[in-house]
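Below: the structure, in structure tokens.
Computed from a predicted model, the values in this text were never measured in an experiment. Labels below follow one simple rule: chain letters A, B, ... track the order of the sequence lines, proteins then strands, and each chain is numbered from 1.
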Amino acid sequence: MPDRAKNSGVPPVSVLRPGISTSTHAALRTWTGYLRPDGRKGIRNHLLVVYTVECASFVAQEIAQGEPDTHVIGFPGCYDNDYAIRLMLALATHPNIGGVLAVGLGCEYTQPHRIAEAVRASGRPAESFFIQEHGGTRLSVAYGKELLASLRARAADNAVKVSMTWADLTIGAECGGSDGTSGLAGNPVVGRAFDRLVDRGGSAIFEEVVEMIGLRDLMISRAASPEAAQQLGATYDKMLNYCKAVRQYSVAPGNFAGGLTTIEEKSMGAFAKGGSRPIQGVIRVSERPPHPGLWILDSVPDEHFMQFGYTNPNDTEGIMDLIAAGAQIVLFITGRGSVIGSAVAPLVKVTGNTRTYRNMTEDMDFNAGRVLSGELTMDEAAAELMDLIADVASGRESKPERLGHREFFLMYKHQDVPSLEAGCRA
Amino acid sequence: MSVESTASAFQVHASDNVATLLGEAAAGAPLEIVGPARASTLTACEKIELGHKVALTAIPEGAPVVKFGIVIGIATRAIAPGEWVHLHNCCSQLDERSGHFDLHTGEPGDNAYA
């Protein structure tokens, strides 16, 4: 394929010859995004309401009600959790976010004003308040809406439009509701799109280490460096201990009904979404890839906390982990079909099952099942998917966005990543 | 074009002893096996749905079931060529819950609701 822009970011002249598929010109596509003070580039300019305990979640949702540009995230626990705070801060300072309102009840450990301070330190406008200090539900919602209007005006003033290319994109891939078509069509097509993104200088992240059962040697064979090989081996070993400890593997009734018989079978299909490029290393939740290329995200709790917190309790958690790593768009591959979206960054839904695509066309963005029917080659499908990604990056709403989906999920978990300020793992 | 009417199955790796249905096969239907190995035909012993697996060879009880060139499970009883390979005759080597799921719906049967 004519996707050899690895070093310069500029594709060879051969892709420009007339008469070939317009999709190959996708290598040169640019679009307008938002330049943030930290130098990162977003494809949306959303506002974010963050609640710091379940008790504040209703007010937070009411504040965002009827505000199409406003998404809601939060943490239900009264007792704070480093992992949860890191994840919320990573999302609150995500390149797709222009301003943040943090709302607390007033009793909880997690402090809204600390979140607002961290967001302001990133160069974005932010506000915070405690509901107990503003007279209950109705007055807090009214106050929150006032703050939101002010944040919106400041976010619009601050918005710096900037030209973006593939090298400015970080894309995540997650699969859920997998079936027998996922490993043959949906995931391999996403894998080939990932190859193209990496070749064009972008960053690609996939996760679900718990669905890499039996693939230790294969993972290590893909390592870009001895250090990456060491990280991949250690990540695999931790994951397997974890699955044995909780006696639960990442395979569900819908997977079985869709023809997948074992976690081993599901794993090989899931790994296909990682494409074929070298794996640069392993990042953990709320870390960002230190340089472009293909990365694996480890969301598994650490050894000494394994009995505390499930990894991948549902698809939304994994998707939010990918967005917290900086993904401006996440590709979600579902053979059985799904009706989720995601807060902060658009979700693009891909199915390898033509029947599912027909049943749920309003929710499915891309039918990779055409590869199985012989309608498209794998490469043609990947090129078409890249066009769709560029369209969504350019501002076109994905189907979940259009339907108003903005799911979010966060629960207690422990990963011993040092603070974001510390910069690197000990 | 109809995926449903395509009686073909894809063998991912030449060493695989199962192939994945690209459409739905009726009992007794001829199946065209496509993929990296030589093309062949087979008769489906029973109805097999899209995304599910058909045995390409006889697989003895206790023998590995191979797809993508890797062992995806162990045959829990002898499987004949053309048979549906799934939860009733193939089990994970790791997952303790494997073997407790409804063959058709995947519903777990190992958790009491009372």
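Neither the backbone nor the side chain of A:Asn255 comes within less than 4.5 Å of any heavy atom of chain B. Only the side chain of B:Ile70 comes within contact range of chain A, with heavy atoms under 4.5 Å apart. No part of B:Val65 comes within reach of chain A, as not one of its non-hydrogen atoms sits under 4.5 angstrom from that chain. Heavy atoms of B:Val34 lying under 4.5 Å from chain A are absent altogether.
Of the possible donor and acceptor atoms, none in the side chain of B:His86 sits under 3.5 Å from a partner among the backbone N and O of B:His88. Formation of a donor-acceptor pair under 3.5 Å by the B:Asp16 side chain with backbone atoms of B:His13 is found in this model.
Among all heavy-atom pairs drawn from A:Ala224 and A:Pro278, the shortest one is CB-CB, 3.8 Å. Here the closest heavy-atom approach between residue B:Val54 and residue B:Ala9 is recorded as CG1-CB, 4.2 Å. Contact record, B:Val85 with B:Cys90: CG1-CB, 4.0 Å, taken as the closest heavy-atom pair. For the pair B:Pro81 and B:Ala58, the tightest heavy-atom approach, listed with the atom from each and the gap, is CG-N, 3.6 Å. Contact between B:Pro30 and B:Ala7 at its shortest, heavy atoms only, is O-CB, 3.5 Å.
Between atom CG of residue A:Leu372 and atom CG of residue B:Leu50 there is a gap of 7.5 Å, rounded to the nearest 0.5 Å. B:Leu56 CG to B:Lys67 NZ: the interatomic distance, rounded to the nearest 0.5 Å, is 11.5 Å.
Per-residue counts of heavy-atom pairs under 4.5 Å with chain A were compared for B:Lys53, B:Arg97, B:Glu49, B:Gln93; the largest is that of B:Lys53. By number of non-hydrogen pairs under 4.5 angstrom with chain B, the leading residue of A:Gly352, A:Ala257, A:Ala272 is A:Ala257.
Contact of the A:Leu240 side chain with the A:Lys244 side chain is registered, since non-hydrogen atoms from C-beta on lie closer than 4.5 Å. Proximity of B:Trp84 to B:Cys45: side-chain heavy atoms (C-beta onward) are nowhere separated by under 4.5 Å. With contacts defined as side-chain heavy-atom distances shorter than 4.5 Å, the pair B:Leu21/B:Leu31 qualifies. Side-chain contact check for A:Leu294 versus A:Arg222: some heavy-atom pair is nearer than 4.5 Å. A:Asn353 is listed as a side-chain neighbour of A:Asp179, based on a closest heavy-atom distance under 4.5 Å.
Tested against A:Leu347, the residues A:Asp365, A:Val330, A:Asp315 include a single side-chain contact (heavy atoms from CB on, under 4.5 Å) partner, A:Val330.
Within the cation-pi definition used here (under 6.0 Å to the ring centroid, within 45° of the axis), A:Arg370 qualifies as a partner of A:Phe366.
Contacts of residues 331-339 of chain A with chain B at a heavy-atom distance below 4.5 Å are absent; not one residue qualifies. The stretch residues 208-220 of chain A places A:Ile213, A:Leu215 near chain B, each with some heavy atom under 4.5 Å from a heavy atom of that chain. Close approach to chain B, defined as a heavy atom under 4.5 Å from one of its heavy atoms, is seen in A:Thr262, A:Ile263, A:Glu264, A:Glu265, A:Met268, A:Gly269 of residues 262-269 of chain A, taken by number. For residues 99-109 of chain B, heavy-atom neighbours of chain A at less than 4.5 Å comprise B:Phe101, B:His104, B:Thr105, B:Gly106, B:Glu107, B:Pro108, sorted by residue number.
For an aromatic pair to be called close, the ring centres must be under 6.0 Å apart, and A:Phe206 with A:Phe271 satisfies this.
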Apply the test salt bridge (charged side-chain N to carboxylate O under 4.0 Å, His left out) to residues A:Lys238 and A:Asp298: give CA-CA distance (whole Å), side-chain angles for both, the deciding distance (0.1 Å), then the verdict. CA-CA 10 Å; A:Lys238 184 185 82 164; A:Asp298 169 24; 2.8 Å; yes
Working for side-chain hydrogen bond (donor to acceptor under 3.5 Å, both in side chains), residues A:Asp195 and A:Ser276: CA-CA 6 Å; A:Asp195 287 352; A:Ser276 67; 2.7 Å; yes
